[in-house]
Each structure stands twice: as C-alpha cells, then as structure tokens.
There are 2 protein chains.
Amino acid sequence: MSGRKQFPSMTALQVLLAVGERGSTSAAAEPLALSQSAVSKQLIGLEDLIGGPAFQRTPNGMVPTELGAIYIEHARTAIKAMEDAALKVARLKPGPRVLRLQVPPIFGDRWLLPRFVQFTEAHPEIEVQFTTFVSKTQTEIPDGNVRFLVAPAPDEEGTYLFGNDIRLVSAASYWEKLGNPATVEAAARGVMLEHPQTPFHWPFLVQANGLHGLEVRHTMRFGYYTMVIRAALAGQGMALIPQGLIVDELAAGRLVNPKGLGYRSDHGYWFTKPANIPPSESMRLFEQWLHAEASMVKD
Amino acid sequence: MSGRKQFPSMTALQVLLAVGERGSTSAAAEPLALSQSAVSKQLIGLEDLIGGPAFQRTPNGMVPTELGAIYIEHARTAIKAMEDAALKVARLKPGPRVLRLQVPPIFGDRWLLPRFVQFTEAHPEIEVQFTTFVSKTQTEIPDGNVRFLVAPAPDEEGTYLFGNDIRLVSAASYWEKLGNPATVEAAARGVMLEHPQTPFHWPFLVQANGLHGLEVRHTMRFGYYTMVIRAALAGQGMALIPQGLIVDELAAGRLVNPKGLGYRSDHGYWFTKPANIPPSESMRLFEQWLHAEASMVKD
DNA sequence: GCTCGCTAGTCGTTTTTGGCATACCCCAAT
DNA sequence: ATTGGGGTATGCCAAAAACGACTAGCGAGC
C-alpha cells in the first residue's frame with residue numbers, strides 16, 4: 001500500500017530456527033550450509049530489524065528471549081507456508097508421488113540423512129521433502145513420520161525401526177574424570193545431560209537396573225535433544241542415547257559406553273503413516289529401503 | 001537439515017500479491033515503491049523458482065494460474081505471519097497502543113493513505129500498521145476495520161464514514177463514444193465494469209432508477225475492485241463507484257458523471273471495531289481524526 | 001500507420017551476502 | 001599464570017543480487 005514492508009529474509013528466518021534448535025551460531029552453521037560468520041551476521045541483521053536481541057548469549061548457549069520466541073513461532077509459520085506451497089505444487093504434477101516426511105531433527109541429522117544419498121541414487125526420480133517441525137498452520141499432511149513412541153496410535157500404521165537400546169554414554173575424557181565408573185551407582189557421581197521432553201531420563205536407567213531412589217549428582221537440561229548430544233561429545237556430562245544414533249561416535253571413541261551401561265526402553269523410533277491410505281509406489285520403495293537400513297541397526 | 005531451502009524472497013512474495021491484486025506489473029509497481037522493471041524481474045525470478053508461470057499474461061491483465069493461486073494463498077500466510085510477529089512485539093512495548101487497521105485496498109489507496117500523512121504529522125508517537133488482507137492463519141486481531149457494509153454486526157461498534165452515494169462514471173472519452181447518454185437507458189449501450197464481490201452492479205442502478213429488466217450491453221468482470229477503477233479510467237467502460245473515492249478524478253475530469261447518474265446504496269464504508277473493548281488513547285485519537293475527515297465527504 | 005499501455009531484457013550502479021581471517025571473551029585444565 | 005578449546009562478532013573483499021533507466025517488441029484501438 002505504501003511501499004514494501006521490510007521483513008526478515010527467508011535465510012534469516014531459517015537462521016533463527018536453526019540457532020534456536022542448535023544453541024549456537026557455529027552449530028547452526030553446518031545444517032544451513034553457511035559459515036559461522038554468515039550465521040552471526042544474519043542473526044545480528046535480524047535482531048536489528050526486529051528491534052532487539054532474539055537470544056541471550058549465555059555460557060550454555062543461545063537462549064531465546066521473549067522477542068525471539070515470538071519470532072521463532074511466526075518464522076515457523078512462514079517457512080511452513082513456503083514448504084506447503086512447494087509440496088502442494090509438487091503433488092499436482094504427474095509422475096511419482098512426492099513424499100513429505102516429518103522427521104525429528106536428531107534422527108534426520110544422525111541417521112537418516114547420512115544414509116539418504118543411497119536412496120536418492122537408487123531412485124533419482126523420487127522427490128522427497130523433509131520437514132523437521134510441525135506448525136499449527138500447516139496445510140499439507142506429511143506422507144510419513146518418524147517418531148519416538150511406544151507404539152503407533154490405532155489410526156495409523158507403523159513399523160519399528162530401532163531405538164529400544166538406550167546407552168549411558170559420555171566422552172572418554174569425562175568418563176575417566178568420573179573415575180571410570182563400572183556401575184550405575186558409581187556413575188551417579190556425574191552430571192546428567194537431559195532434554196526434558198524426551199523419554200531418556202536418569203530414573204529410567206536406575207529402575208531398569210533394579211535400583212531405587214538413586215539420584216544423579218546434577219542434571220543439566222537443554223531445550224533440544226541435539227544439544228544434549230553435543231554437550232556429551234564436548235565432555236560436559238553423560239547422556240542416555242539410543243545406540244543406533246551414535247554408532248559412529250562409539251566406534252570412533254568420541255563417545256564411550258563402558259560396561260554397556262544402559263537399559264531397554266519401551267520407546268523406539270517408528271515410521272508411521274495414516275492408516276487406510278493405499279501406499280504410492282514412491283512410498284513403497286522408500287519404506288522398503290528404510291526398513292532394510294533399520295534392520296542393520298540390530299537393536 | 002541439509003542446507004537452506006530456497007524460498008521466494010519476501011519482496012517476491014509481496015510482488016506476487018500486488019500483481020495479483022493490481023493486475024499488472026506496472027500497476028503493482030507504485031504501491032511497492034519499485035519500478036515496473038524491478039517488479040517484472042521479481043515476478044520472473046519467482047516463476048523460475050516455483051517452476052512455472054504464476055500468471056497468464058492476457059490482454060485483460062495478469063490472471064493467476066493454478067500454480068499462482070497456490071502461491072498467492074501461501075504468500076498471504078507467510079506475509080501475515082511476519083506482520084503478526086511485528087505487531088505482537090509492538091504491542092508488548094510500553095507506550096501508545098500500536099494500531100492495526102484492516103483496510104480494503106481501494107479504500108486505503110484512494111482515500112485513507114492520501115490523507116493519512118496528516119494524522120501522522122499530528123500524532124508522530126502513534127504507530128499504525130495497515131493490512132489489506134485477511135489470512136486464515138493470522139494470530140493478531142486488528143484494532144479496527146474499514147468495511148463496505150449495510151451496517152455493523154451486533155457484536156461490534158461502528159460508525160459510518162461514507163459510500164452510500166454511488167455514481168455511474170467513465171472516462172470522458174468513453175462517455176462521448178457512447179453518444180453522451182443522458183439517462184440510464186441510453187447508458188445501457190455501454191460496457192459495464194464490475195467486480196463480482198462488491199455490491200456495485202448494474203441491476204441496482206436500474207432498480208434505483210425505477211426501471212425494470214434493463215440489461216447492459218456487456219459486462220466485464222475483474223478479480224479486484226482496484227482493477228475496475230483502472231479500467232474505467234482507461235476508457236474501457238463504465239463503473240459504479242462510491243463518489244467519495246473518486247472526488248479528485250471527477251474534479252480533474254479524468255472521470256465523468258454527467259447528469260449525476262447513480263443511486264443511493266444501502267451499503268457504505270463503516271469503521272468497525274469489536275464491542276466492549278475500552279478504546280486506547282491511540283484509537284480515540286485516530287477515530288476522532290477519521291470521522292473529521294469522513295465528514296468532509298458530504299454524501 | 002501511429003499511439004498507448006504493457007512485458008521483458010540490457011546495461012550500469014549500488015547494495016547485499018557470504019567466506020576468510022582475526023580479535024576478543026569465557027571456561028576448564030595444567 | 002598460561003594454554004587450549006569453543007564461542008561471538010567484526011573487518012575486508014569478492015561475488016551475487018537488486019534496482020532503475022532505457023529500450024525493443026507486442027497487442028489493441030484509432
């Protein structure tokens with residue numbers, strides 16, 4: 001009406017979400033395919049535009065301010081709208097069904113995406129769109145979801161992938177600093193790294209090992225589970241992690257799990273989709289591939 | 001997860017909406033404060049990105065394709081999300097209440113915005129955010145609306161601005177081409193320019209002049225009312241327009257209304273707001289100014 | 001044919017973006 | 001106290017993007 005309104009750019013919005021999720025500009029840089037410097041500049045530009053800091057810079061990482069939280073929510077809406085538009089258009093085209101898959105960030109980062117290039121090579125004609133978050137305003141329903149569940153709901157179909165095998169892990173240096181505890185009791189001297197909204201908590205480990213009321217010395221909580229793993233790798237404490245997500249780190253010694261301390265969770269990663277929908281050929285092929293890959297986890 | 005996704009820029013989205021509303025890149029250029037060339041390039045860039053034409057280029061202007069319609073809808077969601085974020089943040093700040101006003105594009109363009117600089121000068125401390133469209137996903141409720149109504153709903157408060165006085169107008173050249181009709185019957189030889197979703201249609205004119213069943217030779221329909229006025233100015237036909245919106249064009253002779261042909265509509269522009277909400281000082285001052293301005297229309 | 005309104009393209013200029021390198025900060029370990 | 005590691009922000013520079021002025025070409029109307 002009277003000139004363009006100045007809004008944050010799409011890159012800035014993606015930066016905002018990634019920094020919120022990863023906890024630092026340097027950690028956000030990789031999934032954005034940007035340098036830390038570019039991420040920092042985008043964030044500062046956004047903060048100039050919106051009139052204040054989106055994050056508090058703390059020793060524990062970037063913590064969203066109230067202002068930041070407002071913009072994060074609306075950034076999700078805007079980004080999801082663009083994702084939905086692209087998906088809706090892709091779904092109108094003839095040819096193989098475009099797949100939209102809703103995937104938790106950590107599962108995508110650590111397990112699916114590193115393997116996904118194989119699927120792409122085998123099926124270059126199949127377009128897959130990943131999305132890592134849900135928005136209240138989304139208009140396009142995903143074809144499939146990966147979720148960490150006990151079991152799928154009655155109105156969906158699901159197959160178990162992996163995830164029951166939960167390991168208590170830390171960096172080798174941290175474990176050594178704890179005096180190389182050989183039991184859960186001994187490990188209780190450590191700092192537990194947790195994400196409140198995942199089902200990986202110290203009391204489950206305690207219970208599963210036939211102990212009662214054993215408290216861990218300290219618990220440090222993070223807003224995203226990806227940050228839990230980063231903190232464990234950085235030697236800040238111990239974390240409970242599905243073994244399948246950290247196979248490489250365990251093999252490389254970046255994380256250790258002496259004595260195989262851990263427990264068997266009733267939760268696991270499941271691939272779910274709405275029931276009673278005939279699967280497209282694209283979906284059939286993807287599921288076939290996904291299950292073959294998951295069967296190699298052996299948990 | 002694997003790099004930034006490439007989405008249309010905020011400028012491109014605003015261009016998409018403006019071209020859809022105005023019907024051409026040249027008409028969209030002014031409210032965007034861009035040149036026609038820049039608008040064209042943004043549109044072509046967007047079309048490259050989304051994989052096809054957003055508009056069909058027709059002699060009657062740009063007509064949205066199916067692809068374009070999908071993106072228009074989602075562009076509204078994204079833009080509105082950004083507007084809502086900015087408004088929500090502004091509403092958290094101390095100081096005068098930020099006003100969000102929902103205004104039809106044509107009312108804003110032709111009447112409110114040209115006058116609004118006066119309000120701004122008188123009250124520089126009051127921030128007003130205009131929005132021209134509604135989105136299903138919006139989260140922030142406007143403080144006030146301008147709408148073309150018979151009367152406000154029971155759950156709102158409203159004051160009449162102007163708009164009952166509807167005039168049959170055209171460019172002088174067009175009226176001359178029709179043989180300078182002095183009556184509604186004679187004018188029926190012409191082409192009627194209409195927007196289906198406004199209450200300004202030829203049969204109302206006929207009825208209000210005590211005639212029955214008199215058909216106009218041809219009706220040309222446009223997707224937006226702003227395009228109706230542009231077509232009338234361009235000599236493409238006759239239009240029924242609230243007199244208050246075209247005072248300057250009538251005075252300058254760019255539009256003519258010989259013999260004062262027209263009718264009195266039961267619809268008019270009303271300024272409405274939710275009832276039972278104590279008005280802020282900002283709103284009180286705005287309403288005061290708005291009513292003073294509207295009283296000068298004298299219809 | 002001419003005029004007008006329109007779209008899209010070229011060219012030159014300006015602005016923006018992103019990476020490299022680096023200064024600075026904080027914390028933990030030695 | 002020093003060192004190392006992880007982090008943020010900034011300067012410099014090159015590349016990319018954005019924009020306006022100008023213009024070619026098209027279609028419609030006269």
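What you are looking at is a predicted structure, and each value in this text was computed from that prediction instead of being measured. In the text below, chain A, chain B and the rest are named by the order of the sequence lines, each starting its count at 1. Side-chain atoms are counted along with the backbone in the values below, which use heavy atoms only and exclude waters and symmetry mates.
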Atom pair OG (B:Ser170) and CG (B:Leu233), whose distance is rounded to the nearest 0.5 Å: 10.0 Å

Provide, to the nearest angstrom, the distance between the [atom1] atom belonging to [X] and the [atom2] atom belonging to [N].
| X | N | atom1 | atom2 | value |
| --- | --- | --- | --- | --- |
| A:Met10 | C:dT17 | CE | C1' | 17 Å |
| A:Glu30 | D:dG6 | CD | C1' | 17 Å |
| A:Gln36 | C:dG18 | CD | C1' | 12 Å |
| A:Glu176 | C:dT30 | CD | P | 10 Å |
| A:Gln236 | D:dG5 | CD | C1' | 12 Å |
| B:Leu46 | C:dA8 | CG | P | 12 Å |
| B:Ile44 | C:dG9 | CD1 | C1' | 8 Å |
| B:Leu49 | D:dA17 | CG | C1' | 14 Å |

Report yes if at least one side-chain N or O of [X] is closer than 4.0 Å to OP1 or OP2 of [N]; otherwise report no.
| X | N | result |
| --- | --- | --- |
| A:Lys177 | C:dA29 | yes |
| B:Ser35 | D:dC19 | no |
| B:Ser26 | C:dC6 | yes |
| B:Arg57 | D:dG25 | no |
| B:Arg230 | C:dC6 | yes |

Of the nucleotides [options], which one has an atom closest to the side chain of [X]?
| X | options | value |
| --- | --- | --- |
| A:Ser40 | C:dG19, C:dA8, D:dA9 | D:dA9 |
| A:Arg4 | D:dG7, C:dG9, D:dC19 | D:dC19 |
| B:Ala38 | C:dT17, D:dG20, C:dG19 | D:dG20 |
| B:Leu34 | D:dC19, D:dT8, C:dT10 | D:dC19 |

A:Asn257 side-chain N/O to A:Leu168 backbone N/O, donor-acceptor pair under 3.5 Å: yes

Hey, is the side chain of [X] pairing donor to acceptor with the base of [N] inside 3.5 Å?
| X | N | value |
| --- | --- | --- |
| B:Ser37 | D:dC19 | no |
| B:Lys41 | C:dT10 | yes |
| A:Ser24 | D:dT8 | no |

Mutual orientation of the aromatic rings belonging to A:Phe200 and A:Tyr225 [parallel < 30°, tilted 30-60°, perpendicular > 60°]: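 Tilted, since the angle between the ring planes falls between 30° and 60°.
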
Side-chain donor-acceptor pair present, B:Lys259, B:Thr183, cut-off under 3.5 Å: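 Checked: B:Lys259/B:Thr183 side chains show no N/O donor-acceptor pair below 3.5 Å.
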
Chi angles and distances behind the side-chain hydrogen bond (donor to acceptor under 3.5 Å, both in side chains) call for A:Thr131, A:Glu83: CA-CA 8 Å; A:Thr131 183; A:Glu83 287 179 348; 3.0 Å; yes

